[in-house]
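Taking it in order: structure first as structure tokens, then the write-up.
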Amino acid sequence: MNTKAAGYNYAYLDEQTKRMIRRAILKAVAIPGYQVPFGSREMPMPYGWGTGGVQVTAALIGPLDVLKVIDQGADDTTNAVSIRKFFAAVAEVATTTATERATIVQTRHRIPETPLREGQILVLQVPIPEPLRWLEPREAETRKMHALEEYGAMHVSLYEDLARHGRIAKTYDYPVLVEGRYLMRPSPIPKFDNPKLDRSPALMLFGAGRERRIYALPPHTRVESLAFEDHPFEVETWEARCRLCGAEDSYLDEVIVDDAGGRMFVCSDTDYCNRRQAAQGKPNPEMLGGKA
Amino acid sequence: MSVAERTGPQPLLRVRGMSKRYGRRIGCADVDFDLYPGEVIGVVGESGSGKTTLLNCLSAQLEPSAGSLVYDTRERGPVAVFDLSEAERRRLLRTDWGLVRQNPREGLRMSVSAGANVGERLMAVGARNYGQIRGTAEHWLAQLEIAADRIDDRPGTFSGGMQQRLQIARNLVTRPRLVFMDEPTGGLDVSVQARLLDLLRRLVGDLDLACVLVTHDLGVVRLLAHRLLVMQQGHVVEQGLTDQVLDDPQHPYTQMLVSSILPV
Amino acid sequence: MYVAVKGGEKAIENAHAWLAELRRGDPALAELGVEQIVQQLRLAVDRVMTEGSLYDPELAALAIKQARGDLIEAIFLLRAYRTTLPRFAAACPLDTARMALKRRVSATFKDLPGGQVLGPTFDYTHRLLDFALAAEGAAPEPAPEAEPDVAGTLPRVTDLLAGEDLIETAQSAEDEERHVADITRESLSLPAGRDLRLQMLARGDEGFLLALAYSTQRGFGNSHPFAAEIRGGQVDVSLVPEELGFEIEIGEIEVTECQMVNQFLGGEETPPQFTRGYGLAFGQSERKAMAMALVDRALRAAELGEESDAPANDAEFVLYHCDNVQATGFTEHLKLPHYVDFQSELSMLRRLRAEFLAREDSGEGDDQEAAE
């Protein structure tokens, strides 16, 4: 998408489609955690590569917005680069890598370490929106289970983890209960990020393009990660700290550095890491040039 | 032997004119009976006589073409089962009722452990304490004579008889008052059957369970059922106290059934 | 060192440049023209238009060229373009009885009013590689032409059966006011009405539908179909502009229509009669239209009170998996990075292994084994 998209409407989608998506978003905001069906369109990127998130962003974005796009926490992964360039071309919007400067952050698989604030919107790309899918393959049945709040089977799978492994072995896409009502998949973020969902001051929108669903967490929504009273929810911890910035409180990627099994840990959130390094006065080859 | 007198006049389940048609074919027709708390009623007949269709209608798995089914609920007293919302009906099915299928694989989650199978109903009604769920599961496994150290094994590693006992434990964990059983001893060899029947007889008595028990095996109903319905081609051709029906059958079909099977 | 893991913009640009180079191939050879694809790879164009759900041979040909002949990629390109088009109006239902026929065959009658028209088909060709085509030769002799049919309307075989009440009437004929769903504008909801199902099938992957149709013939599904009629040719498209209030013709398109009939023994309130399976595709997409008709009928098994436990009877299974643009995207998304989640799995696995090995060492493991 390096040509300026002549002949296309602002932000790619036509205005009627945007209105349809906005209506779905409003409904989703009104019923936190409920999956709202919407008439998802084909987008110029493949299903499974963020079409849901892209449609949500396209329906919201305006010329005054500042957009940040991350994948795996990083601004410079290929899919993030591709989506950012898409919006830069079709929506003529300013982009940034700085979390606090963004008005909209579109993400795949992570929530930024820098706490989000009121007025910001986090758009999460969702591959499979249905939390009950692996327990029940049929949509007709899972919708009924949501309607009747039949969530026992989800706890059965957690029970089974405890019985088998002594702990809940789910590590990402860890199911949550929204405002005590709807069971929701937070998208494949590591469970490390689950606490950031709870009572977040930012609006969180979840878009699943292929499955044609949008759901939302309005600001300050109560989001509870499923667990048992005697086996409470826990997040990942590392014995290592980030090799580049020394952070102890961020989600770490393991990077293999040689053929002999050598490895190091670095922050998955590149913006967070770069900023910390800059504050420590370290030279910073990772910072993206020009954009921010 | 009259359970009705012992437990008072209010039936737990009242069935009137229960019929199910498949096009012009009859599944079952015009079945009437009352079932009292703690009573075991046996439904017998050859395969194709409509007894499984009847069981499916009674347990709300299948919507009947006609007839009424009234259940005396704990909270609201007698209600027409098919007038309940689907939510209420599903709740009834996993709390106050139980359903034991002939093939335990259909009634169990084969991909999770025995403990999870037994704990599922508890979690479905809101239990969230792992230790307590596990404790309750242990209790019911013991009741069904399943060794405590099998609690984390999957049902696939169990023998057929154990799978059936596990299915029963899974149903009893919410202390239901009514259990439907479809050939619970079918497919098991004779010595395993005998053990399961003993166990069932003890549990039904201890827990004051009402049961609708479908079987083609007159030996099973002789041991477990207080009363019998004999079905032929979708109709109940004879009903009465078990001993009376088996020892002095009135209908020619019952006479044939009894003479062909009992001598064994 | 770890930057290498994260691809940069440069890598994407280079990859795209390489792709463009391969697409063009050896520059010493003449470049393939879009018009050549329209003319000479017409069946590929027809398939891309059908599953791309956009009738535009030039754009479909362009998509095929851009996709280097990868038809699913081409379908995807066309769909993505289609998304951006404004919708002015919905056309009136096509009247396929008034088709200018190129082909029309019925398997249910030896002969019928209007006759059988074989048309340009691979049927009855011998599948021998024709090496003459490899040598660039002269244009073939023109095919002999029959007198053009002046009849105008040629009734469909199903209309003939309907005259005797031998076949069910289609739903839309009974209830023209009913809202017709639009799968390109709405989410698929289940249970899906026949309108939604037919739309999904029309866009569905030819290979997937073919396999499903085939499975119903092999016993996974209980169908005894007859190809009542397959017809293809040009048909007028018309619409009623709101400001005019009457129908005007806006052009014509080529379509292939297949109507399968299946025996149905009747239910409690319906007499025995034939039922229909319907298939329609752009251009000459006969395999697709036939497969679609079989799957359409298979999806009706439950409502007709037939056994419905085969894969092709399962609307949710069929409809949720027939769209190749959805399917290819999600299957291929596995090549996107997943290392954040994988990291979590890695840590968990290490921890579980450590605990397991610790148990082994302390001898606990032996007891457990003995108990099993």
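Numbered from 1 within each chain, the chains take letters A, B, ... in sequence-line order. Computed from a prediction, not measured in an experiment: that's the story for all the values here.
Distance check: C/S285 OG to C/M292 CE gives 11.5 Å after rounding to the nearest 0.5 Å. Taken from CZ in C/F208 to SG in C/C322, the straight-line distance is 6.5 Å, to the nearest 0.5 Å. Of the inter-residue distances, the one linking A/T51 atom OG1 with A/E211 atom CD reads 10.5 Å to the nearest 0.5 angstrom. We find the CD-CG distance between C/E73 and C/L78 to be 12.0 Å, quoted to the nearest 0.5 Å. Note that the CE atom of C/M49 and the CZ atom of C/R82 stand 13.5 Å from one another [nearest 0.5 Å]. For the atom pair C/R24 CZ and C/E21 CD, the distance stands at 11.0 Å (nearest 0.5 Å).
With a 4.5 angstrom heavy-atom cutoff, A/R164 does not touch chain C via any of its atoms. In this structure, chain A has heavy atoms under 4.5 Å from both the backbone and the side chain of C/P337. Residue contact with chain C, scored on non-hydrogen atoms closer than 4.5 Å, is absent for A/Y174. Within the 4.5 angstrom heavy-atom criterion, only backbone atoms of C/T184 (N, CA, C, O) approach chain A. At a 4.5 Å heavy-atom cutoff, the contact between C/L336 and chain A is made by backbone and side-chain atoms alike. With a 4.5 angstrom heavy-atom cutoff, A/R110 touches chain C only via side-chain atoms. C/I183 touches chain A through backbone and side chain together, each having a heavy atom under 4.5 Å away. At a 4.5 Å heavy-atom cutoff, the contact between C/E332 and chain A is made by backbone and side-chain atoms alike. C/R87 does not touch chain A: none of its heavy atoms, backbone or side chain, sits under 4.5 Å away. When heavy atoms are compared at a cutoff of 4.5 Å, A/E139 approaches chain C by way of both its backbone and its side chain. With a threshold of 4.5 angstrom between heavy atoms, C/K10 does not approach chain A through any atom at all. Both the backbone and the side chain of C/F330 come within contact range of chain A, judged by heavy atoms closer than 4.5 Å. Only the side chain of A/Y251 comes within contact range of chain C, with at least one heavy atom under 4.5 Å from a heavy atom of that chain.
With chain A as the partner, the residue from C/R351, C/Q326, C/H333, C/E186 showing the most heavy-atom pairs under 4.5 Å is C/Q326. Counting heavy-atom pairs closer than 4.5 Å to chain C, the top residue among A/H165, A/R138, A/E236 is A/R138. With chain A as the partner, the residue from C/S344, C/A80, C/S189, C/P191 showing the most heavy-atom pairs under 4.5 Å is C/S344. Chain C forms more heavy-atom pairs under 4.5 Å with one residue of A/P127, A/A80, A/A24 than with any other, namely A/P127. Your options are A/G50, A/G166, A/P137, A/P190, and the one with the most heavy-atom pairs under 4.5 Å with chain C is A/P190. Counting heavy-atom pairs closer than 4.5 Å to chain C, the top residue among A/R213, A/E15, A/R143, A/R108 is A/R108. Each of A/P37, A/P188, A/A140 has some count of heavy-atom pairs under 4.5 Å with chain C, and the biggest count is that of A/P188.
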Would you please test C/K288 and C/D205 for side-chain contact (heavy atoms from CB on, under 4.5 Å) and show each step? CA-CA 8 Å; C/K288 168 65 187 274; C/D205 182 74; over 6 Å; no

Does A/V69 form a side-chain contact (heavy atoms from CB on, under 4.5 Å) with A/D75? I'd like the steps, not just the answer. CA-CA 6 Å; A/V69 183; A/D75 297 275; over 6 Å; no

May I have the step-by-step check of ring-ring contact (aromatic ring centres under 6.0 Å, His included) for A/Y12 and A/F86, ending in yes or no? CA-CA 9 Å; A/Y12 191 75; A/F86 173 74; 5.5 Å; yes

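By a heavy-atom distance cut of under 4.5 Å, C/D314, C/E316, C/Y320 are the residues of residues 299-321 of chain C near chain A, going up by number.
Scanning all heavy atoms of the two residues, the minimum distance from C/V295 to C/L201 falls at CG1-CD2, 3.8 Å. Here the closest heavy-atom approach between residue A/A74 and residue A/T270 is recorded as CA-OG1, 3.4 Å. What you find for C/N324 and C/R47 is that their closest heavy atoms are ND2-NH2, 3.9 Å. In terms of heavy-atom proximity, A/S268 sits nearest to C/V340 at OG-CG2, 4.1 Å.
Side-chain contact between A/V54 and A/F87 is present, with at least one heavy-atom pair separated by less than 4.5 Å. C/L62 places none of its side-chain heavy atoms less than 4.5 Å from the side chain of C/E58.
Judged by distance alone, the side chain of C/R23 and the main-chain N or O of C/Q66 form a donor-acceptor pair under 3.5 Å.
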